[in-house]
Amino acid sequence: MTDAIDSYDVLIVGGGHAGAQTAIALRQNGFEGSVAIVGDEPDLPYERPPLSKDYLSGDKSFERIMIRPAAFWSERGIDMRLGTRVISVDAEGHAVSTEQGDRIGYRHLVWATGGQPRRLSCAGHDLVGVHAVRTRADTDRLMGELARVKDVVVIGGGYIGLEAASALTKHGKRIVLLEALDRVLARVAGEPLSRFYEAEHRRHGVDIRLGVAVDCIEGEDGVVAAVRHADGERIACDMVIVGIGIIPAVQPLLDAGASGGNGVAVDEHCRTSLPDIFAIGDCALHANRFADGAAIRLESVQNANDQATLVARQITGTDGSYDAVPWFWSNQYDLKLQTVGLSIGHDTAVVRGDPAERSFSVIYLKGGRVVALDCVNATRDYVQGRKLVTGALSIDPTDLSDPTRTLKQLVE
Ligand SMILES: Cc1cc2nc3c(=O)[nH]c(=O)nc-3n(C[C@H](O)[C@H](O)[C@H](O)COP(=O)(O)OP(=O)(O)OC[C@H]3O[C@@H](n4cnc5c(N)ncnc54)[C@H](O)[C@@H]3O)c2cc1C
């Protein structure tokens, strides 16, 4: 099949959540073939969510965020080829090439490469002190500078920007958060949730500014000194954190002929259009039942793990297709947000409970059917609400908003 020097039954590209879980699930399923993970980061697989939460706030060490202890991988016979970037795929020859010039063969290839942080394109985007939060190295670099930093500008009011703001208030930093749209979390949540989080951040001293376009970042001696708005206002700062989404890392696969664009297109079995190549996790563009069948990429640990588990089952001969209900969480201050379903395209948002009590849920409906819940410090709603989403149940909004009745009672 290939004249490559090294060859594996399963070659996994990307040692993040999806790649690690594929290897774990293969061995759990009794797979005895050779398995390798090729990852461009130097570290063994670790959890990414803490990078903007308790790892950034200093509450968790790196050892505590590793997906498995170091010995796990060698004990299971999983070859870890770290610090190695795959730059091209020879789909016909069943081999990949690395930046170091190695060619590695495979029987099955699992592409689990996540994405790179989207960067600003304006002047000053590459100054010292401008950071993304995607990898351990990003967060370590940022934390290494904190001692000299008083004022931080966070660009982007999505989950990562908001979580970073929350973690940095713990370090005593003054923070201005700039969001281009008219509310934070606008792409992922309804207005009641956005307004609640804006108020919470302001209560903690974060200066949230909405509808603000960044013009440029100004530096002094190559180090960030200020962010300038499009309307000319200058915000002095010593650090900028950019959280404006990711670009899926799929170019080698697209160059090899895989279908896709904003991600690699996969079918319900996570198979790409190329033979024996799967794609999973943040980079996989798949038709999702919970998005009315639209082709989407999900950026969540749940999706990475579920797609990985599915692929491991396919490789070990068990059938199945991807139909998992999306779920996600975010920790900011003492607020635990848990979401289930996808609220994109909802036409009604029902608030259940009182946001002033800092424990409530927002329930989203589309055409009278429940499509998603955002639950803030409301784990019971989150647990009981899953059935409403998986069953796309039609429930009167007045009943949903009545906190004297549990969601379980409404399902029965
Ligand atoms: C700061 C932060 C906070 C988050 N918080 C949450 C949260 O609270 N809840 C939640 O559900 N999700 C959260 N997420 C999202 C979650 O971490 C991702 O959805 C998940 O990591 C996706 O897993 P993945 O394996 O697809 O990609 P990744 O975990 O990104 O792993 C991909 C790996 O592949 C490597 N790679 C890329 N290209 C190549 C190549 N050509 N060759 C070799 N290696 C390559 C990358 O460097 C990376 O190590 C967060 C993400 C970030 C960054």
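Sequence positions, counted from 1, serve as the residue numbers for this chain. Both counts, for ligands and for their atoms, begin at 1 and track the order of listing.
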Pick whichever of Ala18, Ala137, Gly83 has a heavy atom sitting closest to atom 24 (P) of ligand 1.
Ala18
So the atoms of ligand 1 within less than 4.0 Å of a heavy atom of Val133 turn out to be 1 (C), 53 (C)
Is the backbone N or O of Thr135 less than 3.5 Å from a side-chain atom of Asp138, with the two atoms forming a donor-acceptor pair by type?
yes
When you measure from the heavy atoms of Ala112 to every atom of ligand 1, does any distance fall below 4.0 Å?
yes
Relative to the heavy atoms of Glu41, which atoms of ligand 1 are at a distance of less than 4.0 Å?
47 (O), 48 (C), 49 (O)
Check whether the ring centres of His269 and Tyr322 lie less than 6.0 Å apart, and answer yes or no.
no
What is the closest protein heavy atom to atom 10 (C) of ligand 1, and at what distance does it sit?
Phe328 CE1, 3.2 Å
Distance flag, aromatic centroids of Tyr46 and Tyr55, threshold under 6.0 Å
no
Out of curiosity, is Gln116 lining ligand 1, as in a heavy atom under 4.0 Å away?
no
Taking the side chain as C-beta and beyond, is there a heavy-atom pair between Thr84 and Asp40 under 4.5 Å?
no
Tell me whether ligand 1 is touched by Thr84 - counting only heavy atoms on the residue side and a distance under 4.0 Å.
yes
Between His201 and Tyr333, is the gap from one ring center to the other below 6.0 Å?
yes
Is NZ or CZ of Arg136 both nearer than 6.0 Å to the six-membered ring centre of Phe62 and within 45° of the ring axis?
yes
Below 4.5 Å, heavy atoms only, C-beta onward: do Ile217 and Val130 meet side chain to side chain?
yes
Contact atoms of ligand 1, heavy-atom distance to Glu299 under 4.0 Å:
15 (C), 19 (O)
Please list the nearest protein heavy atom to atom 8 (O) of ligand 1 with its residue and the distance rounded to 0.1 Å.
Lys53 NZ, 2.6 Å
Option with minimal heavy-atom separation from atom 6 (C) of ligand 1, where the choices are Gly281, Gly114, Pro49, Gly158:
Pro49
Please classify the Tyr159 to ligand 1 contact at 4.0 Å (heavy-atom distances, strictly less than): side chain, backbone, both or neither.
neither
Pick whichever of Ile37, Val301, Leu56 has a heavy atom sitting closest to atom 11 (O) of ligand 1.
Val301
Using a 6.0 Å cut-off, check whether atom NZ of Lys387 has over 12 heavy atoms from anything other than its own residue.
no
Who gets closest to atom 52 (C) of ligand 1 by heavy atom: Asn331, Ile280, Ile160?
Ile160
